[in-house]
Amino acid sequence: MSVSSATTEVVDPVPGAGAPHLPQQPDLVQLLTPEGERVEHPDYAVDVSAEELRGLYRDLALVRRWDVEATALQRQGELGIWASLLGQEAAQIGAGRAMADTDTAFPTYREHGVAWTRGVDPLHVISLFRGVDNGGWDPVATRFNLYTVVIGAQTLHATGYAMGLQRDGAESATLAFLGDGATSQGEVNEAMIWAASFSAPVVFFCQNNQYAISVPLERQSRVPLYRRAAGFGFPGVRVDGNDVLAVLAVTRAALAAARDGQGPTFIEAFTYRMGAHTTSDDPTRYRLASELEEWKLRDPIARVKAYLSRSGAADAGFFAGVEAEADELAARIRRGTVEMPDPPGTAMFDQVYAEQTPPLAAQQAEFEAYQASFAGGGH
Amino acid sequence: MATETLTIGKALNLGLRRAMEDDAKVVLMGEDIGRLGGVFRITDGLQKDFGEDRVVDTPLAEAGILGTAVGLAMRGYRPVCEIQFDGFVFPAYNQIVTQVAKIHARSRGRLPMPIVIRIPFGGGIGAVEHHSESPEAYFAHTPGLKVVAVSNPVDAYWGIQQAIAHPDPIVFLEPKRRYWEKAPVDREATPDPLFASRVVRGGDDVTVLAYGPMVKTALQAAEAAAEEGRSLEVVDLRTVSPLDLDPVFDSVRRTGRCVVVHEAPVTLGLGAEIAARVTESCFHSLEAPVLRVGGYDTPYPPSKLEEEYLPDLDRVLDAVDRALQF
């Protein structure tokens, strides 16, 4: 299925004629085909060295291994829940690696790949899903904000932060992550209105993984999502979300435009969540196995591997090395998860406020006294 | 001249002005707050003097105002958001309750949220629906928020500055029916702490608690009661979260009786919490149950009925009578 630059026009649905049909092979930016062939796009040239490409492959392979390990840990009862990124690795690694050090990411709760590119320790992400804390990483130092579970809320934070960057004269931008379901949220629409009205340096990066838990995209939109941007008055681009090179190129360009004062861009990374929404749901209840099989042919990692092999940019030794590294990472994640200590009880009182209130301080003292009453008391 | 007579509205305006002069990171955001000066003119003249970047006329979307304020706060700014009327805060409720209130704890203190949410609240101005509500309990019930309700020009002038300088998010409730009440304000005085309640009239027979617009009503009731030889002690809570009840406990231990007054519906309102706490702390001193005077558990009624809905001095005095009959 070669897509290249072919245009597939969407026919507006006839009212009352049932769910609008969205194209399977949309007009999207692609630089690396599913077969691993390098293609060009007139608007998005990208010059990536063999070393960078190997680096991207390593990122993809390691975050997939992290994800597989975390899913297994959840199945074994070590995590309360896990939101798998399986199938979305290229969208996240491409977007994350497109960011400058000074840019700031505002993720949802599935951007483990972006976290990886920001240097966040996987165990800090795991700790959230294990129930130890609400995200153990430093959002200021990493410029990777905390995960946001309430759908779409972070797009406004990214926009406000971008307005701050603008006021400070900082040549940086924000990258707001959202899913296809989030585009239905009022707050996401407000974020886009604000971004446009103030020409804020924010890029909205929508991973259209086709489902909001079980509900397909058709229930969120009658038009391809990238076209929504036109209504807000800024560019919308659809990119092959399983093509790490194309995502990198498109996101880089959008961030550069934002930093350059050209305002926001909406990127729709057309991809597919190959696993469940979280470990709590059962995708076989809402989608066909054949659909998954079709998307497996567009696997984001296989195509990079094929290209690296075919072009001679990587040999068997390289792939074996990455695999060994992935094994080590998985082992570290497993060990770190199992050994992760529970937080002290007083942690729930800490930092509710910057300035603790007397009533809460009294509750904390009560809690501590109660806990202390058990010490050595035979309980 | 240090002392001048100001309305609550003007005191807020001058307080905002001074906060903006003191800290260049203070940014005002809201609907119609710039050229118009706000629907109540609280921000009158500020955009002219501080510019469109400091006094931002926003798009018409409350969640957007609060959500972008979160981002600006993360960037080191101190946003002061104006919600035009109490009933319009609910589109922003998600951002306030799930984000503003929780980000400090969620980030273990790495992301402070020094946001002030100004809301003209309460009834008594003959407005149409959604313009006269008392949403304080929703916010007071949310850990991570602080809720201030001023009652007079002195607290309005100092309170708004203290709220803006404070590191935690504050819902700042302005008693809209009292915007035009006047009092002398000493602008060089040392202000009372923001989160402290205050005895505003001493008395011996019954302790009456109120905040925001009901403080004046409570004082009017005390005045009327005095003519009948009854001595009411009136406490202005000033802040409804955190509650500063030690002065209240001291008072109730002396008077043995307590009446709580607010405009919000009585069931599960602030009065319920206060009654429980006073009972826990002053049980042996109480001569009567703690009584509550508030709005009925109805939607805020059409304005032709609001005089019936809102507590007035007669309803306060009736509760005082009941407390004294035990």
Side-chain angles (χ1 to χ4, degrees), chain A residues 104 106 128 133-141 145-150 152-168 170 174 176 185-198 200 202 347-362, chain B residues 24-25 27 29 53-54 56-77 79 91-92 94-95 97-114 143-146 166-169 194-196 239 241-246 277:
Chain A
T104 303
F106 288 78
L128 167 67
D133 56 33
N134 296 315
W137 63 92
D138 183 335
V140 179
N145 219 279
L146 294 181
Y147 276 2
T148 302
V149 173
V150 176
Q154 77 285 354
T155 57
L156 279 165
H157 308 168
T159 304
Y161 194 93
M163 289 165 66
L165 291 169
Q166 194 175 39
R167 282 155 189 270
D168 296 342
T174 61
Q185 286 279 4
E187 290 182 25
V188 171
N189 287 271
E190 291 178 33
M192 294 200 273
I193 288 165
W194 247 259
S197 296
F198 295 100
V202 50
M348 61 188 162
F349 297 97
D350 290 343
Q351 290 149 344
V352 174
Y353 297 98
E355 209 169 90
Q356 174 78 303
T357 68
L360 190 57
Chain B
K25 293 290 188 184
V27 177
M29 305 163 66
D53 281 347
R54 300 281 310 276
V56 184
D57 268 326
T58 67
L60 204 166
E62 286 78 9
I65 296 171
L66 262 298
T68 52
V70 167
L72 281 163
M74 286 175 176
R75 187 66 204 164
Y77 287 87
N94 171 49
Q95 283 288 337
V97 170
T98 74
Q99 307 299 312
V100 173
K102 297 200 166 92
I103 283 172
H104 185 269
R106 226 157 71 192
S107 69
R108 299 164 322 287
R110 289 296 280 129
L111 299 172
M113 284 287 116
L145 299 176
K146 294 175 179 174
H166 191 74
D168 288 309
L194 183 59
F195 304 116
T239 289
S241 179
L243 284 168
D244 174 29
L245 292 180
D246 286 340
R277 293 202 175 259

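So you know, we letter chains A, B, ... as the sequences are listed, proteins then strands, and number each from 1.
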Pair count under 4.5 Å, heavy atoms only, with chain A: among B/P59, B/A101, B/P91, highest is B/P59
Ranking A/T357, A/T174, A/L360, A/D168 by heavy-atom pairs under 4.5 Å to chain B gives rank one to A/D168
In terms of heavy-atom contacts, A/R167 and B/V56 come closest through NH2-CG2, 3.4 Å
Honestly, the part of A/A153 sitting under 4.5 Å from a heavy atom of chain B is both
Bottom line for A/E190: the part with an atom under 4.5 Å from chain B's heavy atoms is side chain
Residue from B/V27, B/D53, B/T98 scoring the most non-hydrogen pairs under 4.5 Å with chain A is B/D53
So OG1 of A/T148 and CD1 of B/I103: to nearest 0.5 Å the spacing works out to 7.0 Å
Tightest non-hydrogen contact, residues B/R110 and A/A141, listed as NH2-N, 4.3 Å
In this structure, OH of A/Y147 is separated from CZ of B/R106 (nearest 0.5 Å) by 13.0 Å
Contact between B/L111 and A/N145 at the side-chain level, heavy atoms closer than 4.5 Å - yes or no? yes
When the 4.5 angstrom heavy-atom criterion is applied to B/L66 and chain A, the contacting part is neither
Worksheet item: Hey, is B/R108 close enough to A/D350 for a salt bridge, meaning N to O under 4.0 Å?
Response: no
The interface call for A/A170 against chain B, heavy-atom contacts under 4.5 Å, is side chain
In this structure, CG of B/N94 is separated from CD of A/E187 (nearest 0.5 Å) by 4.5 Å
Do the side chains of B/V70 and A/L156 get nearer than 4.5 Å, heavy atoms only? no
Taking every heavy atom of A/V352 against every heavy atom of B/G144, the minimum-distance pair comes out as CG1-N, 3.7 Å
When the 4.5 angstrom heavy-atom criterion is applied to B/L245 and chain A, the contacting part is neither
The interface call for A/L165 against chain B, heavy-atom contacts under 4.5 Å, is both
From the list B/H104, B/K146, B/M113, side-chain contact (heavy atoms from CB on, under 4.5 Å) with A/Y353 holds only for B/K146
Shortest non-hydrogen pair, A/F198 vs B/D57, comes out as CZ-O, 4.2 Å
From the list B/P167, B/S241, B/A73, the residue making the most non-hydrogen contacts under 4.5 Å with chain A is B/P167
Honestly, the part of A/E355 sitting under 4.5 Å from a heavy atom of chain B is both
Honestly, the part of A/N189 sitting under 4.5 Å from a heavy atom of chain B is neither
Greatest number of non-hydrogen atom pairs under 4.5 angstrom with chain A, of B/A61, B/G109, B/A105, falls to B/A61
To the nearest 0.5 Å, atom OH of A/Y161 lies from atom CE of B/M74 at 9.0 Å
The reported gap from NZ in B/K102 to CG in A/L146 (rounded to nearest 0.5 angstrom) is 14.0 Å
